[in-house]
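This report refers to the structure that appears directly beneath it.
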Amino acid sequence: CLGELVAVMEAEPKLGFFSALILGYDDRRLDKNWMQFMRMSYRCLQDLWNGSLERWYPTDSGSGAALLMRSSMLRHIGLIDPVFFMYFEEIDLIRRGRYHGYGSGFSTRGVVHHYNHLESSGAGHSSSIRFERGHMIYTLKNQENSAIKCVLAFLLESTGRVSGAMLRRQWRRAGRLIAAAVEIAFKSPFILWRRRIEMRHPDRLPELRELHP
């Protein structure tokens, strides 16, 4: 798998991110999250229907479960934003890479089997809340919108998630979502500051001091 991913990235210098083809841990069914990336590529779906898949396809996203990244790109755009902790941190990094001109794609030959914790019986509420928290931060940091639109989108999303939990009478989940939304709102000045630096002056990011000793 690694050999296949490296070979494609060596042949495609504009690629900054390259995902493996991700299957379920115990079978050969496509991972549900990975299928979302495949659906972004109309050409891939058409080729799949015709039975003639290419070696790889471009996409706007990728999966941190099996993701190869170009080191020279990371020295340019910085590393994963630590505010995420987990879930959507790699999607945010990929979107930042696209903003700075680095492409993303996925392989149809380099294969890994992924144990998807969110879809397992032991996922529980904590993983679900972290997933939703990650998406709220991802919404707040959208480099494709203005800062004002990002804030409004975050407020709408967080309010909608809490309201949905309350309508289902999921009081514990609603409480955790409120706590996550309040935490993000409290950290929003720093989050938006980092977003601005990532977009305009990535060379000033703190982690780049270690990448450029």
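Values reported hereafter were calculated over all heavy atoms of this structure, with side chains retained and with hydrogens, waters and symmetry mates removed.
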Quick one, R95 with Q143, criterion side chain to side chain donor-acceptor pair (under 3.5 Å). Give me CA distance, side-chain angles, the key distance, then yes/no. CA-CA 8 Å; R95 188 170 62 185; Q143 295 88 359; 2.8 Å; yes

Test side chain to side chain contact (heavy atoms under 4.5 Å, CB included) on R194 and L205; report intermediate values, then the result. CA-CA 8 Å; R194 181 176 170 107; L205 289 170; 3.9 Å; yes

Show your working on side chain to side chain contact (heavy atoms under 4.5 Å, CB included) between S63 and I22 and close with a plain yes or no. CA-CA 9 Å; S63 173; I22 304 174; 3.4 Å; yes

Report the C-alpha separation of E157 and T139 in whole Å, then their side-chain angles, then the decisive distance to 0.1 Å, and conclude whether the side chain to side chain donor-acceptor pair (under 3.5 Å) test is met. CA-CA 8 Å; E157 180 179 354; T139 300; 2.4 Å; yes

Verdict with supporting geometry, S61 and F17, side chain to side chain contact (heavy atoms under 4.5 Å, CB included): CA-CA 9 Å; S61 193; F17 304 88; over 6 Å; no

Would you check, one step at a time, whether the test side chain to side chain contact (heavy atoms under 4.5 Å, CB included) holds for R173 with R168? CA-CA 10 Å; R173 177 167 171 265; R168 297 183 183 92; 4.3 Å; yes

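Side-chain contact between V111 and C1 is absent, with no heavy-atom pair separated by less than 4.5 Å. Annotation: side chain of I137 is not in contact with side chain of D92 (no heavy-atom distance under 4.5 Å). Side chains of E198 and K141 form a contact here, defined as non-hydrogen atoms less than 4.5 Å apart. Looking at heavy atoms from C-beta onward, I191 lies out of side-chain contact with R195 at the 4.5 angstrom threshold. Looking at H100 and M73, their side chains never come closer than 4.5 Å, going by heavy atoms from C-beta outward. Looking at heavy atoms from C-beta onward, R196 lies out of side-chain contact with H201 at the 4.5 angstrom threshold. Proximity of M69 to L67: side-chain heavy atoms (C-beta onward) are separated by under 4.5 Å at one or more points. Side-chain atoms of L21 and R109, non-hydrogen and from C-beta on, never get closer than 4.5 Å to each other.
Side chain of T108 to backbone of R55: a donor-acceptor contact under 3.5 angstrom is found. Using a distance-only test at 3.5 Å, with no hydrogens or angles considered, no donor-acceptor pair links the side chain of E89 to the main chain of F84. Although no hydrogens or angles enter the test, the distance criterion places no donor-acceptor pair under 3.5 Å between the side chain of T159 and the main chain of L156. Without hydrogens or angle criteria, D81 side chain to V83 main chain gives a donor-acceptor distance under 3.5 Å. For the pair S188 (side chain) and A185 (backbone), a donor-acceptor distance under 3.5 Å is present.
For the residue pair V151 and L140, the shortest heavy atom distance occurs at CA-CD1, 4.0 Å. Residue E90 comes nearest to G64 through the heavy atom pair OE2-N, 2.9 Å, listed as atom of the first residue, atom of the second, then distance. When all heavy atoms are compared, the tightest approach of E4 to G110 is CG-N, 3.7 Å. Of all heavy-atom pairs spanning L208 and L74, the tightest one is CD2-O, 3.6 Å.
Within the model, atoms OG of S19 and CZ of F106 stand 9.0 Å from one another, a figure rounded to the nearest 0.5 Å. Rounding to the nearest 0.5 angstrom, the gap separating the CG atom in L177 from the OG atom in S158 is 9.5 Å. Remark: L53 CG to R43 CZ distance equals 10.5 Å, nearest 0.5 Å. How far OG of S52 is from CD of Q46: 8.5 Å, rounded to the nearest 0.5 Å. From E207, atom CD reaches atom CZ of R75 across 13.5 Å, with rounding to the nearest 0.5 Å. Note that the CD atom of E183 and the CZ atom of F186 stand 10.0 Å from one another [nearest 0.5 Å].
Between H113 and Y25, the distance separating the two ring centers is not shorter than 6.0 angstrom. Ring to ring, Y87 and Y138 are not that close: their centroids are 6.0 angstrom or more apart.
In this structure, L5 shares a hydrophobic cluster with V6, V8, M9, L15, F18, W56, L68, the cluster being traced through Ile, Leu, Val, Met, Phe, Trp and Tyr side chains under 4.5 angstrom apart. Hydrophobic cluster of M199: the remaining members, joined at side-chain heavy-atom separations below 4.5 Å, are Y99, listed by chain and number.
Crowding of W171 atom CH2: a count of heavy atoms from other residues, nucleotides or ligands under 6.0 Å exceeding 12.
There is no path of hydrophobic side-chain contacts, each under 4.5 Å, that joins F154 to L152. Hydrophobic clustering (side-chain heavy atoms under 4.5 Å, transitive across Ile, Leu, Val, Met, Phe, Trp, Tyr) keeps I148 apart from I184.
Between R176 and E132 there is no salt bridge, since no side-chain N of the basic residue sits under 4.0 Å from a carboxylate O of the acidic one.
No side-chain donor-acceptor contact under 3.5 Å links Y115 and D26.
For R98, the salt bridge (charged side-chain N to carboxylate O under 4.0 Å, His left out) partners are E144, not counting sequence neighbours.
The residue from R70, R96, H76 that alone fulfils the side chain to side chain donor-acceptor pair (under 3.5 Å) condition with Y102 is H76.
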